[in-house]
Amino acid sequence: MALNSNPLTDASAPELARGVVDGTAPAAPAPAPRRPFPRWFRETGWRHLVGIVMLVFAAFPLVYVLSASLNPGGTLLTANGLFQSFNLQNYVDLFTDPTRPYGNWFVNTLVIGVATAIGTVVLSALAAYAFSRMRFTGRRFGLLTLLLVQMFPQLLAFVAIFLLMSAIGDIFPFLGLNSQIGLIMVYLGGALGVNTFLMYGFFNTVPASIDEAAKIDGAGHARIFFTIILRLVAPILAVIGLLSFIGTTSDFVIASVVLVDPEKQTLAVGLYQFVSQETARNWGVFAAGAVLAAILPVGLFLWLQRYIVSGLTAGSVK
Amino acid sequence: MTGPTLEDERTGQDAATQRRSRRAAAFAEAASAGWKVWLVKIVLLGVIDALAIYAILVLITQGQWLPPIVVAVVTALVNVVYLKPGLLPAKYLTPGLIFLFVFQIFVVLYSIYIAFTNYGSGHISTKDDAVNALLLQSQARVEDSATYPVKILEKGGEFYLLTAEPGSGDIVVGGADQPLEAVPGANAQGAPGFTTLDFGQIIQNQDAIGALSVPLTSDPNDGFLKTTDGSNAYVFTSTLKWDPKADTMTDTKTGVVYTDTGRGAFTASDGTQLLPGWQVFVGFDNFVKAFTDQSIRGPFFYVLVWTFVFALLSVATTFVLGLFLAIVFNDPRMKSRRFYRVIMILPYAFPGFLSALVWAGMFNQDFGFINQVVFGGAAIPWLQDPWLAKVAILIVNLWLGFPYMFLVCTGAIQSIPDDIQEAGRVDGAGVWQIFRHIKFPLLLVSVAPLLISSFAFNFNNFNLIYMLTNGGPRFADASINVGQTDILISMVYKVAFVGANRDYGLASAFSIIIFILVALISFISFRQTKVLEELN
């Protein structure tokens, strides 16, 4: 059984707790003496076999879509020949069809995602500061209410969101249905419920003595908030901003309900509609669109991996 | 322990000092806030107030009364909060709370309201609108009626008909919302303020002009003028006769009388309805329909069960694989673990909706990679067969979800102190026993809340289902658009927004059922994490 040589039962293992999440072992293990092959295989070699199997499973769809995007055949069938031919025609086609405004989708997604991320961070940091640092009547009630609200994901109310937005749009067309500002506002409505708790927990880890020292030195609440607390919790701000960005950019339901015109839509809505019309024929162009759409989230994720993972686990446990 | 009197005295003193220090803090606050802060504040408040006043004016001109009052009250509150000294918590909470109330709390309450109405296609607007629409759509040309020579006029993007009354010869002009009436200064060729369209322009706009129907008088029963060629118009009257007093519609051809039965549409005695109808309150009808209507109940229960099975299996499969990998890769002697880890995280970093679409292509029956290359040209109906589609969904979800569980389990395993295992070993426990009785329970303690939130997430994992199988294959005998792999949330979406027959009321009723289920799951998770006790 696989567990026979579990390293954690090995007392000599110098592995330390924390750093492995991000893959940086704090202390390099002492170079082990070379083991004979059967022993090496029993102890570590089979792990590489598992690793290779998992590498194929994890990476294959990504390799496949990259290959399909570079394959000039452009259909689902030709995409099966991995890396048989190579040119950038699909990427050129992606930007040249006016019925499929990929450039607009990309920019829209970016703008909506960034605006929502910034708004979310600001709104939930303000609220978390109040809950963490101030004692006021209704504080416990407020926290409890947020917990309750958190139970009802905004996603579930999309029918009501659609009807509300169309009612707003009758009176203020720039905020209603088919408006990106309106969509951002809808997303911000979900900001407080989801993120305040996560942030509240982190604000609590900043010792209150820091605030008090600043207060004695004559700093006001705003100065303490902006120049001291926010700096100290910067990593969690980045995490929440990034999680919000990733969540917003991959949202399909609300975006598809609110945005109507093709040139106003986001990547999730536009690409889905495009590829669901004629999957087989449009495959190459879709693959190119998918590769471009994925570069930014994947890059950000790998770059900030350590923070994201700590935020994910800590936040949910809190 | 101090005596009660001493304590009381002390709290009294504390209160006094607190009051004083609070006042001092307020002074310090006012002193430290420079004029720049004030300027920013005043400008921002000014912008908000200006927008609010504009909104209120627009709302009042639209004939609304409740929304402007709400806007006015909220704006007044915002002004008070930011202009009055003190009220610090409110200053920090207000911006978020406003968005929270409108776009989360209000929409949830609004969903509940909609669930009790018949809102949907065919029941969109008010009764007056429905009457007008019915009269308009059942028009027929009046036999042997006079021919009206017309000119097509245009003003502000709207089209109008200009014609001479057959009896008097008076020149009259009318549009879609404006009955025929005399216009001062008009002659047979045009009217001041209007542009007369030439033949080319008429051809260009023939669809809009063909759809134009101009009421003869303000009573819609009198009939409408319509033109097909842009030069002659005829009188059309509705084959339906609207009797406002008796509240009935009568079909003048067949003589059938349709009455308002309170169900949001004019209904004949044999049950046939005239559509469009209008929006009415229907009580628990939508819920009753969901649980009793044969053609809805079957698929609904099927979807309900599959939603739970899907969420449960998703968590189980990803957790088992993630835990296994965490154990396998947790050996410091193993080389290039970091490389493996980065590659294995990629599925998690790749945007979820794209993954589902890519896998949908790979699973394609005729051209997909899995059938064509892996199975050598077989035609396995991965996404068409009810069972294979479920298997495909679980495979894709495993791919999407195992990296998360891998990361979480790695962290949890590494945070288990070594000395506990050491103690177990000294007591003679084997590797398996140590894992089974020491490490696994400890790991479960820290991971359980994440498993529950993962369950809740998958319970509403719309993107995966909708993008991979679109819920299909569809139930043949269902009266709503639902398939074998639909989960509750994708079923709601399809009932509300896909296809010609949209039923917002029924969809909202379903989403309320999801609300209740999600609330139950969250309640259990709160009990688990004891988060409530941490609130201080």
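The chains referred to below are lettered A, B, ... by the order of the sequence lines, with proteins before strands, and numbering in each begins at 1.
Looking at Ser124(A), there are no atoms closer than 4.5 Å to chain B (heavy atoms on both sides), in backbone or side chain. Interface residue Val186(A): backbone and side-chain heavy atoms are both found under 4.5 Å from chain B. Residue contact with chain B, scored on non-hydrogen atoms closer than 4.5 Å, involves the backbone and the side chain of Ile52(A) alike. In this structure, the portions of Tyr504(B) lying under 4.5 Å from any heavy atom of chain A include both its backbone and its side chain. Both the backbone and the side chain of Phe57(A) come within contact range of chain B, with heavy atoms under 4.5 Å apart. Looking at Val298(A), both its backbone and its side chain come within 4.5 Å of chain B, counting heavy atoms on both sides. Neither the backbone nor the side chain of Tyr113(B) comes within less than 4.5 Å of any heavy atom in chain A. Heavy-atom distances place the side chain of Ala496(B), and not its backbone, under 4.5 Å from chain A. The parts of Leu97(B) that come within reach of chain A are both its backbone and its side chain, each placing non-hydrogen atoms under 4.5 angstrom from that chain. In this structure, the portion of Met134(A) lying under 4.5 Å from any heavy atom of chain B is its side chain and not its backbone. Heavy atoms closer than 4.5 Å to chain B are found in the side chain of Phe131(A), but not in its backbone. For a residue to count as touching a neighbouring chain, one of its non-hydrogen atoms must lie under 4.5 Å from one of that chain's; by this rule Ala294(A) touches chain B with backbone and side chain alike. In this structure, the portion of Leu321(B) lying under 4.5 Å from any heavy atom of chain A is its side chain and not its backbone. Looking at Leu357(B), both its backbone and its side chain come within 4.5 Å of chain A, counting heavy atoms on both sides. Both the backbone and the side chain of Ala55(B) come within contact range of chain A, with heavy atoms under 4.5 Å apart. Proximity to chain A (any heavy atom under 4.5 Å) is restricted, for Ser336(B), to the side chain, taken from C-beta onward. In this structure, the portion of Ile105(B) lying under 4.5 Å from any heavy atom of chain A is its side chain and not its backbone. When heavy atoms are compared at a cutoff of 4.5 Å, Asp419(B) does not approach chain A at all. Neither the backbone nor the side chain of Phe510(B) comes within contact range of chain A, judged by heavy atoms closer than 4.5 Å. When heavy atoms are compared at a cutoff of 4.5 Å, Tyr129(A) approaches chain B solely by way of its side chain, counted from C-beta outward.
Inter-residue side-chain proximity for Phe459(B) and Leu488(B) is flagged as met; some heavy-atom pair is nearer than 4.5 Å. Contact of the Leu164(A) side chain with the Ile168(A) side chain is registered, since non-hydrogen atoms from C-beta on lie closer than 4.5 Å. Residues Phe225(A) and Leu126(A) form a side-chain contact, since some pair of their non-hydrogen atoms from C-beta on lies under 4.5 Å apart. Between Phe172(A) and Tyr54(B) there is a side-chain heavy-atom pair separated by less than 4.5 Å.
Contact count versus chain A (heavy atoms, under 4.5 Å) is highest, among Val107(B), Ile112(B), Thr61(B), for Val107(B). Among the candidates Ala130(A), Ala268(A), Pro297(A), the residue making the largest number of heavy-atom pairs closer than 4.5 Å to chain B is Ala268(A). The most heavy-atom pairs under 4.5 Å with chain A, out of Ala507(B), Ala356(B), Pro347(B), Ala90(B), come from Pro347(B). Ranked by heavy-atom pairs shorter than 4.5 Å toward chain A, the options Val108(B), Asn364(B), Ile489(B) are led by Ile489(B). The residue among Asn460(B), Val373(B), Val102(B) with the most heavy atom pairs within less than 4.5 Å of chain A is Asn460(B). When Met467(B), Met344(B), Arg502(B) are compared by the number of non-hydrogen pairs under 4.5 Å with chain A, Met467(B) comes out ahead. Annotation: maximal heavy-atom pairing with chain A below 4.5 Å, among Thr94(B), Val358(B), Val518(B), Ile343(B), occurs at Val358(B).
Between Trp283(A) and Tyr64(A), the ring planes are tilted. Angles from 30° to 60° get that label. Note: Phe462(B) and Phe252(A) have parallel aromatic rings, judged against thresholds of 30 and 60 degrees for the angle between ring planes. Ring planes of Tyr493(B) and Tyr466(B): perpendicular class, angle over 60° (limits at 30 and 60°). Using cut-offs of 30° and 60° for the angle between ring planes, the Trp399(B) and Trp359(B) rings count as perpendicular.
Leu302(A) and Leu346(B) get closest at one heavy-atom pair: CD1-CD2, 4.0 Å. Nearest heavy atoms, Ala429(B) versus Ile434(B): CB-CG1, 3.7 Å. Scanning all heavy atoms of the two residues, the minimum distance from Ser166(A) to Leu163(A) falls at OG-O, 3.1 Å.
Taking the six-membered ring where the residue is Trp, the centroids of Phe162(A) and Phe497(B) are separated by under 6.0 Å.
The side chain to side chain donor-acceptor pair (under 3.5 Å) check on Trp40(A) picks up Thr44(A), with sequence neighbours excluded. Asn371(B) meets the side chain to side chain donor-acceptor pair (under 3.5 Å) test with Trp382(B); sequence neighbours excluded.
Between Tyr187(A) and Asp251(A), the side chains place a donor N or O and an acceptor N or O closer than 3.5 Å (distance only, hydrogens not considered).
Of the candidates Phe402(B), Phe324(B), Tyr340(B), Phe402(B) is the only one forming a side-chain contact (heavy atoms from CB on, under 4.5 Å) with Met54(A).
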